[in-house]
Novice: 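The structure's right below; bear with me while I get my questions together.
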Amino acid sequence: MLRLVLITVVLLSLAVPAAAHHGWSGYDSSKEMTLTGTIREAGYEHPHGYVRLEAGGKIWVVVLAPPTRMVNRGLPRADLRPGASATVVGYPNRTDPDELRAERITVAGKTTELR
């Protein structure tokens, strides 16, 4: 019985991260957008980093790449500090009008490709 419980716990723990990750089909790749604004908040976490970018009179949630990819491409956590100016090129979420999936981000004059 204990063995069955342990197997169930392991399988459930593997399913939770998979359920948390979303696919990119929820974003409209036919509507590329460019936003320039001020980073109000940043998260450098898995499965994807994010910034809350104040641009165009509202706060956008901008979904970035995983932290390991951002580090490997030269975008450290320190660059995504609140108050920094950023330009993001990406695609809007089909159902959430305040969310954008970033293809690239420019911070402090340096552009980082995220995909």
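Here, residue 1 is the first one in the sequence, and each next residue gets the next number. Computed over heavy atoms, backbone and side chain alike; hydrogens, waters and symmetry mates excluded.
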Novice: Residues in side-chain hydrogen bond (donor to acceptor under 3.5 Å, both in side chains) with S30, at least two apart?
Specialist: D28

Novice: Scan residues 102-115 for pairs that pass side chain to side chain donor-acceptor pair (under 3.5 Å), counting only residues two or more places apart or in two chains.
Specialist: D79-K110, R101-E103, R104-E113, T106-T111

Novice: I'd like to know if I39 and L114 are part of one continuous hydrophobic network [Ile/Leu/Val/Met/Phe/Trp/Tyr, side-chain heavy atoms within less than 4.5 Å].
Specialist: yes

Novice: According to side-chain hydrogen bond (donor to acceptor under 3.5 Å, both in side chains), who are the partners of Y91, at least two apart in sequence or on a separate chain?
Specialist: none

Novice: Is any side-chain heavy atom of I105 closer than 4.5 Å to a side-chain heavy atom of L80?
Specialist: yes

Novice: How long is the straight-line distance from CZ of R81 back to CD of E41, given to the nearest 0.5 Å?
Specialist: 16.0 Å

Novice: Under a 3.5 Å distance rule, please check whether R94 uses its side chain to pair with a backbone N or O of S25 as donor and acceptor.
Specialist: yes

Novice: Scan residues 53-68 for pairs that pass side chain to side chain donor-acceptor pair (under 3.5 Å), counting only residues two or more places apart or in two chains.
Specialist: R40-E54, K58-D98

Novice: Please list, chain by chain and in numerical order, all residues satisfying salt bridge (charged side-chain N to carboxylate O under 4.0 Å, His left out) with E45, sequence neighbours excluded.
Specialist: none

Novice: State, to 0.1 Å, how close V51 and A42 come at their nearest heavy-atom pair, and which atoms those are.
Specialist: CG1-CB, 4.0 Å

Novice: Kindly give the heavy-atom pair with the smallest separation between A55 and G37, and that separation in Å.
Specialist: CB-CA, 4.1 Å

Novice: Ignoring hydrogens, what is the shortest heavy-atom contact between G49 and P67? Give both atom names and the distance.
Specialist: N-CD, 4.4 Å

Novice: Does Y50 reach the side chain of V63, with side-chain heavy atoms less than 4.5 Å apart?
Specialist: no

Novice: If you look at every heavy atom in T95 and N93, which pair is closest and at what distance?
Specialist: N-OD1, 2.7 Å

Novice: Treat each ILVMFWY residue as a node, draw an edge where side-chain heavy atoms are under 4.5 Å apart, and state whether M33 and V61 are in one component.
Specialist: no

Novice: Only counting residues at least two apart or in another chain, list the ones meeting side-chain hydrogen bond (donor to acceptor under 3.5 Å, both in side chains) with T87.
Specialist: T36

Novice: Is there a path of hydrophobic side-chain contacts, each under 4.5 Å between heavy atoms of I, L, V, M, F, W or Y residues, that connects Y27 with L53?
Specialist: no

Novice: How long is the span from the CG atom in L100 to the CD atom in E32, to the nearest 0.5 Å?
Specialist: 9.5 Å

